[in-house]
Amino acid sequence: MAASIDKQQSDLERERQYCELCGKMENLLKCSRCRSSFYCSKEHQKQHWKEHRLICKEADKAQLPSQQPEQQAPQPPPLPPPPPPPVEDKAPKKPREKKKPQPADSVSSPPSANTEAPGVGDKPAEDGSNNTATPNGQTSSSPQKLALEYIVPCMNKHGICVVDNFLGAETGLGILDNVKALHKTGRFTDGQLVSQKSDSTKDIRGDKITWIEGREAGCEKIRFLMSRMDDLIRHCNGKLGNYTINGRTKAMVACYPGNGTGYVRHVDNPNGDGRCVTCIYYLNKDWSAKEHGGLLRIFPEGKAQFADIEPKFDRLLLFWSDRRNPHEVQPAFSTRYAITVWYFDADERARAKEKYLTGEKGVKVELDKPSDPS
């Protein structure tokens, strides 16, 4: 029994290991001084040293080697900090386990663990009415009812929430037409990594993306989707954790071309950049995970289970953007489309801007000025 508990604790410790700069969770190096922080490369350790030095034990007072202009964070130059300690020891790797294929929207767990998928299968509070929304059923309720009776309790309990039939088949097909037309224009480019530009990017993520404000020609249906997402978040605001949401990014339209590409396990917001809720809308007709792959697998922090989300047509997925929800996109063998919007917490976003100018492509949009769905 004691050995089993020690193993579970060891597994949970490995779940909490991320690159402190970009959130990558594979092939990590450990800080040789404090032995409690991890980085995917020495370069990322150098870039993060200005923050890490404040908590790293026995930090020296020597000078940080000068960085090239393209490596510097876009902020006023601070006083030169001391150099980071070497990263020598590799973090213990979690042995890969061969798992049998799981059914869509299922959770794999040991026999003694709770097998309920976070955010999958929960029903909203029942009030005797048939006008309710379930995560895997028809959404017929108002945005306010859906937000308050299903999304808020589901997110606060699990940190993950799935809503099927979000806009209906006709509207979903209109959005898909917009996305396919965008794809044909050649506007999609290789997805990038936060704070990293390298030739290894394709080994980490294989999607093609473009950023949409919603007012571009031919994007009217995408704009309508964004306005409906805003409606939901506006009704949830003040009730999702301790967040006060005051803005969002542009919409990231992503396509995995279907040649076995995916996105390795990562965290959307590992460093407090302000993003608190990830909101994804899927556009894949007749999708079968067994045949097409492309599952989004989420590993909720502190839980000995994972949640598989199949990228089905007209499905909306919400989850916390921070380290509570590491996730990966498994290899897709058919063209896979999704639209992602990240919502900002006001306080965290303000703190992030005080530390540095992020230079990210996503721009803030005020939620009290909803766009005209036209």
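Note that the structure is predicted; figures quoted are calculated from it, not measured.
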Colleague: Mind checking whether Tyr263 and His327 have ring centres under 6.0 Å apart?
Modeller: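 Judged by ring-centre distance (under 6.0 Å), Tyr263 and His327 do not meet the cut-off.
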Colleague: Would you check if the side chain of Tyr256 reaches a backbone N or O of Gln330 as a donor-acceptor pair within less than 3.5 Å?
Modeller: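 No: the side chain of Tyr256 does not pair with the backbone of Gln330.
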Colleague: Does the side chain to side chain donor-acceptor pair (under 3.5 Å) test come out yes or no for Asn269 and Glu348, once each step is laid out?
Modeller: CA-CA 11 Å; Asn269 176 16; Glu348 184 179 311; 2.9 Å; yes
Colleague: Take Ile280 and Leu316 through the side chain to side chain contact (heavy atoms under 4.5 Å, CB included) test and state the conclusion after the steps.
Modeller: CA-CA 6 Å; Ile280 307 176; Leu316 183 70; over 6 Å; no
Colleague: Would you sort out whether Thr244 and Asp347 count as a side chain to side chain contact (heavy atoms under 4.5 Å, CB included), showing the intermediate values?
Modeller: CA-CA 8 Å; Thr244 299; Asp347 290 341; 5.6 Å; no
Colleague: Do you know which two heavy atoms are closest between Leu148 and His235, and how far apart they sit?
Modeller: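 Residues Leu148 and His235, closest heavy atoms: CD2-O, 3.4 Å.
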Colleague: Verify, without hydrogens or angle tests, whether Ser321 (side chain) and Val277 (backbone) share a donor-acceptor contact under 3.5 angstrom.
Modeller: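 Yes, because the side chain of Ser321 sits within donor-acceptor range (under 3.5 Å) of the backbone of Val277.
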Colleague: Verify, without hydrogens or angle tests, whether Arg349 (side chain) and Asp273 (backbone) share a donor-acceptor contact under 3.5 angstrom.
Modeller: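 The answer is yes, because a donor-acceptor pair under 3.5 Å joins these two groups.
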Colleague: Measure the shortest side-chain to side-chain distance between Phe319 and Cys161 over non-hydrogen atoms and say whether it is less than 4.5 angstrom.
Modeller: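 Answer no - side chains too far apart.
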Colleague: Can you tell me how far the CG atom of Leu29 sits from the NE2 atom of His44, to the nearest 0.5 Å?
Modeller: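 Interatomic distance, Leu29 CG to His44 NE2, rounded to 0.5 Å: 11.5 Å.
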Colleague: Has the side chain of Glu216 got a donor or acceptor atom that lies under 3.5 Å from a matching backbone atom of Gly214?
Modeller: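 A pair under 3.5 Å: yes.
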Colleague: What is the ring orientation for His48 with Tyr39, classed by angle as parallel under 30°, tilted 30 to 60°, or perpendicular over 60°?
Modeller: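 His48 vs Tyr39 ring planes: tilted.
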Colleague: What is the ring orientation for His183 with Tyr337, classed by angle as parallel under 30°, tilted 30 to 60°, or perpendicular over 60°?
Modeller: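 Perpendicular, since the angle between the ring planes exceeds 60°.
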Colleague: Strictly by modelled atom types, are Trp342 and Thr278 linked by a side-chain donor-acceptor pair under 3.5 Å?
Modeller: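 Looking only at side-chain atoms, Thr278 and Trp342 do form a donor-acceptor pair, the distance falling under 3.5 Å.
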Colleague: Working to the nearest 0.5 angstrom, can you tell me the gap between Gln305 CD and Phe299 CZ?
Modeller: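 Interatomic distance, Gln305 CD to Phe299 CZ, rounded to 0.5 Å: 12.0 Å.
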Colleague: Would the distance check show the side chain of Asn165 and the main-chain N or O of Gly168 forming a donor-acceptor pair, the cut-off being under 3.5 Å?
Modeller: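 Answer holds: no.
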Colleague: Does the side chain of Asn325 reach to within under 4.5 Å of the side chain of Pro300, using non-hydrogen atoms?
Modeller: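 Yes - at least one pair of side-chain heavy atoms lies under 4.5 Å apart.
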Colleague: Would you say the side chain of Leu173 lies within less than 4.5 Å of the side chain of Lys285, judging by non-hydrogen atoms?
Modeller: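 Yes. Closest side-chain heavy atoms under 4.5 Å.
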Colleague: Does Ile245 offer a backbone N or O that forms a donor-acceptor pair with the side chain of Asp345 under 3.5 Å?
Modeller: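 Between the backbone of Ile245 and the side chain of Asp345 there is no qualifying donor-acceptor contact (under 3.5 Å).
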Colleague: Considering all heavy atoms of both residues, which atom of Cys236 and which atom of Val152 are nearest to each other, and what is their separation?
Modeller: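 Smallest heavy-atom distance, with atoms named: SG-CG2, 3.8 Å.
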Colleague: So Val162 and Leu318, do their side chains get closer than 4.5 Å, heavy atoms only?
Modeller: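 Leu318 does not reach Val162 side chain to side chain.
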Colleague: Tell me, do Tyr281 and Ile175 make a side-chain contact under 4.5 Å, heavy atoms counted?
Modeller: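 Yes, their side chains come closer than 4.5 Å.
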Colleague: Please give me the minimum heavy-atom distance between Met252 and Trp211, naming the atom from each residue.
Modeller: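 What the structure gives for the nearest pair is CB-CZ3, 3.8 Å.
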Colleague: Using the rule given for side chain to side chain contact (heavy atoms under 4.5 Å, CB included), can you reason through Arg248 versus Met226, listing the C-alpha separation, both sets of side-chain angles and the distance that settles it, and then say yes or no?
Modeller: CA-CA 10 Å; Arg248 59 163 166 79; Met226 295 165 72; 3.4 Å; yes
Colleague: Go through Leu182 and Cys219 one step at a time and tell me if the side chain to side chain contact (heavy atoms under 4.5 Å, CB included) criterion holds.
Modeller: CA-CA 8 Å; Leu182 272 176; Cys219 295; 4.0 Å; yes
Colleague: Going by atom types alone, do Asn237 and Tyr243 pair a side-chain donor with an acceptor below 3.5 Å?
Modeller: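 No, because no side-chain N or O of Asn237 sits under 3.5 Å from a partner of the opposite role on Tyr243.
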Colleague: Between the side chain of Asp314 and the main-chain N/O of Leu167, is any donor-acceptor distance below 3.5 Å?
Modeller: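 Yes; at least one donor-acceptor contact below 3.5 Å.
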Colleague: Tell me whether the guanidinium CZ or amine NZ of Arg315 lies under 6.0 angstrom from the six-membered ring centre of Phe313 and within 45° of its axis.
Modeller: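 Geometry flag: not set, cation outside 6.0 Å or 45°.
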Colleague: If every non-hydrogen atom of Lys208 is compared with every non-hydrogen atom of Phe188, which pair is closest and at what distance?
Modeller: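 For Lys208 and Phe188, the tightest heavy-atom pair comes out as O-CD2, 3.3 Å.
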Colleague: Could you walk me through whether Asp231 and Arg234 satisfy the salt bridge (Lys or Arg N to Asp or Glu O under 4.0 Å) test, starting with their C-alpha distance in whole Å, then the side-chain angles of each, then the deciding distance to 0.1 Å, before giving a yes or no?
Modeller: CA-CA 5 Å; Asp231 285 345; Arg234 189 179 300 108; 2.9 Å; yes
Colleague: Using 0.5 Å steps for rounding, measure from the CD atom of Glu291 to the CZ atom of Phe333.
Modeller: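 Separation between the atoms: 11.5 Å.
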Colleague: Nearest 0.5 Å, what's the CZ-CG distance between Phe166 and Leu146?
Modeller: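 The distance works out to 7.0 Å.
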Colleague: Which label fits Trp287 and His292: parallel for a plane angle under 30°, tilted from 30 to 60°, or perpendicular past 60°?
Modeller: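 Correct class here is tilted.
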Colleague: Please tell me if the side chains of Ile339 and Leu225 come closer than 4.5 Å, counting only heavy atoms from C-beta onward.
Modeller: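 Ile339 vs Leu225: side chains touch.
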Colleague: CD1 of Ile160 to CD1 of Ile298: how many Å apart, nearest 0.5 Å?
Modeller: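 Reported to 0.5 Å precision, the distance equals 4.0 Å.
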Colleague: Quick one, Arg275 with Asp268, criterion salt bridge (Lys or Arg N to Asp or Glu O under 4.0 Å). Give me CA distance, side-chain angles, the key distance, then yes/no.
Modeller: CA-CA 8 Å; Arg275 290 178 292 171; Asp268 285 353; 5.5 Å; no
Colleague: Would you confirm whether Asp207, through its side chain, and Ala254, through its main-chain N or O, come within 3.5 Å as a donor-acceptor pair?
Modeller: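 Not a single qualifying donor-acceptor pair exists.
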Colleague: If you take all heavy atoms of Cys34 and Ser37, which pair is closest and at what distance?
Modeller: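 Of all heavy-atom pairs spanning Cys34 and Ser37, the closest is SG-N, 3.9 Å.
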Colleague: Kindly say whether Val264 contributes a backbone atom to a donor-acceptor pair with the side chain of His266 at under 3.5 angstrom?
Modeller: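 Indeed, once roles are kept as given, a pair shorter than 3.5 Å links the two residues.
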Colleague: Could you report the tightest heavy-atom contact between Lys221 and Asn178, atom names first, then the distance?
Modeller: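 The pair with the smallest heavy-atom distance is N-OD1, 2.9 Å.
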Colleague: Distance check, rounded to the nearest 0.5 Å: Cys255 atom SG versus Ile209 atom CD1?
Modeller: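 The SG atom of Cys255 sits 11.5 Å away from the CD1 atom of Ile209.
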Colleague: With a 4.5 Å cut-off on side-chain heavy atoms, are Tyr150 and Lys145 touching?
Modeller: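 No, their side chains stay 4.5 Å or more apart.
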Colleague: Between Asn246 and Phe344, is any pair of side-chain heavy atoms under 4.5 Å apart?
Modeller: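 Of all side-chain heavy-atom pairs linking Phe344 with Asn246, at least one is under 4.5 Å.
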Colleague: Any donor-acceptor pair under 3.5 Å linking the side chain of Glu310 with the backbone of Ala289?
Modeller: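 A pair under 3.5 Å: yes.
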